[in-house]
Amino acid sequence: QEAGDRFEVQGRGELHLGVLIETMRREKFELSISPPVVLYKTDEDGKKQEPMEEVTAEVEEEHVGGVIEALTLRKGELTDMVVGGGEGGKTRLS
């Protein structure tokens, strides 16, 4: 959206927005960044739908706890954990 000298941009996540912000800075745009806001949708019954992503990660055993903690802080839900199920004996989390 455009409002005078202000634009609102939307992206799929922090990395996507980070790339956009860095590109704009390199092109000499002056930026003021506000905290991200979650975009909710409503279903046909009028219920609010929160965006979701599915993640599968293969991690070394010593990093499993940190990855689980990081995802839990973002409302992640662990549905499966296979020790040695990943490439090279890594733990697969999904």
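Connection of Ile33 to Leu20 is established within a shared hydrophobic cluster, with ILVMFWY side chains joined at heavy-atom distances below 4.5 Å, either directly or through further cluster members. The hydrophobic cluster containing Val55 does not contain Val82, counting ILVMFWY residues as joined when their side-chain heavy atoms lie under 4.5 angstrom apart, directly or transitively. The hydrophobic cluster containing Val59 also contains Val83, counting ILVMFWY residues as joined when their side-chain heavy atoms lie under 4.5 angstrom apart, directly or transitively.
With contacts defined as side-chain heavy-atom distances shorter than 4.5 Å, the pair Val64/Leu93 qualifies. For the pair Glu27 and Thr23, the minimum side-chain heavy-atom distance is below 4.5 Å. For the pair Leu71/Glu77, no side-chain contact is recorded, criterion being any heavy-atom separation below 4.5 Å from C-beta on. Side-chain contact check for Gln49 versus Asp43: some heavy-atom pair is nearer than 4.5 Å.
Counting only distance, with no hydrogens or angles, the side chain of Thr79 and the backbone of Ser94 share a donor-acceptor pair below 3.5 Å.
A salt bridge links Lys75 to Glu50: at least one charged side-chain nitrogen sits closer than 4.0 Å to a carboxylate oxygen.
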Problem - Worked check of side chain to side chain contact (heavy atoms under 4.5 Å, CB included) between Met81 and Ile68 - result: CA-CA 10 Å; Met81 182 168 136; Ile68 291 172; 4.3 Å; yes

Exercise for the section: Would you please test Ile21 and Leu31 for side chain to side chain contact (heavy atoms under 4.5 Å, CB included) and show each step? Expected result: CA-CA 8 Å; Ile21 290 165; Leu31 303 173; 3.8 Å; yes

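Remark: His63 NE2 to Glu61 CD distance equals 10.5 Å, nearest 0.5 Å.
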